[in-house]
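Counting begins at 1 with the first residue of the sequence. In each ligand, atom 1 is the first atom listed, and ligand 1 is the first ligand listed.
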Amino acid sequence: MSDPENPAKPATTPRTPLPPLVSATARIASLAAKDLMAEDGSAVDRRLFVDEAVYRLEQERIFAKCWLYLGHDSALPENQSFFTTTMGEDPVIVVRDKTGRLRAFLNSCSHRGAKVCRVDSGTARFFKCPYHAWTFSTEGELIAVPRITAVYGDSLDRSQHGLREVPHVDTFGGMIFASWDPEAPTLRAYLGDMAFYLDLMLSRMDGGTEVIGGVHKWTIGVNWKIPAENFAGDHYHVPSTHGAGVEMGFRSQLTNNGYCIQTGNGHSIGSERGGAQQGTAVPTEYEGFMKQMRSELVAKYGETADAFVPIGVGTIFPNMSFLDSARFRAFRVWHPRGVDRIEVHSWCVVDKALPPELKTAVRRQYSLAFGPGGIFEQDDGDIWQSVQDALRGHIGRQGRFHYRMGLGRETTTSERYGPPFPGSCSDMLMTEANQRAFYRHYATVMADPTS
Ligand code: FES
Ligand SMILES: [Fe+2]
């Protein structure tokens, strides 16, 4: 028998062989996520990142069910302002309607499917489909049909042909989420203990946060789960992948001092103690501000709370990630565009009440580090693409990825940091505990609900 992590090498102990591949249709019907990963998330089948049938099933069971991040409410400053994005691969319009209520609609005409809105953002009194000009209100109703009486007589009931509306849209701290699942839990329940840490990140100053500089969009040839699990807390890659940036003084050398926290439902955060950017050659004024925020949190929760400003990296399952460092804060979504491609949407997020010169400093640091041309962004994108390239062949897709670092060393966060801090926590920074939590939840969501 061969070792599933390395098929060329004989295993030292017998392992269960991987299930044989059968036709895509049969496999969808019989797919049990547990067959594709170890129960504790410590090994994941390479086919999860390249298999079309798995990808289609993710669209149904993850992207049409989970709460997904759409954008920040500061991008919708007035009634009838809107932006377009996607939920999985489904295009949606996110709009603040005439009454100020946040709504989301499938961006596809109820006549014959064309996108009724073809721009990124703006304000609109209505959305007019470019194909045959059916026109919809910002509440999704079909309000005009050209030549309706001449071509339909009285047979077309406009009230039955509005835009398809996403049933649940809600916000947390300015972050807009939505779910297609009519039976979805509340957003607050979905976020669970992650809400506590998001609140630490989003409520540092009165007035909350806002997005500055618009949204950056670019594509990377990689499966969406690779960046999602990286931002969940892959600190181990920093000294090697980002070695050049460290050498040049863009950030400090990584130590193993910090946390990886799993907050349930596949969400997690991870941070070096005191933030990623301390001790570098180019300090910024923002670091001084973060120090002040740190002392305020320590005054509220005690000494150990200094670890939570900034909060670090994190992933909200499935595909929303953030990076809150001592120099800037970024939000991003890894939108799937096929099994081997993503479209990244990325924003720089600041505290609204921050002085303008600090906002500019933060935006500059965001662009240098994690904008589309940012030094760390380029490092990551290149490596992720190389992972996907290596999985394309017949041999490369065999075997399993390895997530056993720090296995069995989790404790509760409150034991390590004190009572208010929820979740499970690892006793070191370099661990794959967050990735294991991501894939354990992935397996739960992907499992056939009827089996
Ligand atoms: S597809 Fe929109 S009006 Fe025909
Ligand atoms: Fe990275």
Item to complete: Take the Fe ion (ligand 2) and tell me which protein N, O or S atoms are nearer than 2.8 Å.
Response: H237 NE2, H242 NE2, D380 OD1, D380 OD2
Worksheet, complete the sentence: The protein N, O or S atoms lying under 2.8 Å from atom 2 (Fe) of ligand 1 are C109 SG, C129 SG
Practice prompt. Quick one: list whatever passes salt bridge (charged side-chain N to carboxylate O under 4.0 Å, His left out) with R101, sequence neighbours left out.
Written response: E165
Worksheet item: Side chains of S203 and D199: donor-acceptor distance under 3.5 Å anywhere?
Response: yes
Discussion item. Can you confirm if the aromatic rings of H267 and Y190 lie within a centre distance of less than 6.0 Å?
Written reply: yes
Worksheet item: Do the side-chain N and O atoms of Y69 and H345 include a donor-acceptor pair separated by under 3.5 angstrom?
Response: no
Discussion item. With side-chain contact (heavy atoms from CB on, under 4.5 Å) as the criterion, how do W347 and V333 come out once you've worked through the C-alpha distance, each side chain's angles and the decisive distance to 0.1 Å?
Written reply: CA-CA 9 Å; W347 302 262; V333 177; 4.0 Å; yes
Worksheet item: So does D45 pair up with R397, basic N to acidic O under 4.0 Å?
Response: no
Fill in: Pairs where residues 370-386 contributes a residue and the test salt bridge (charged side-chain N to carboxylate O under 4.0 Å, His left out) is met, not counting sequence neighbours
R332-E377
Worksheet item: Going by distance alone, is a donor N or O of one side chain under 3.5 Å from an acceptor N or O of the other, for D157 and S159?
Response: yes
Worksheet entry | Validation row, ring centre F105 to ring centre F136 under 6.0 Å | no
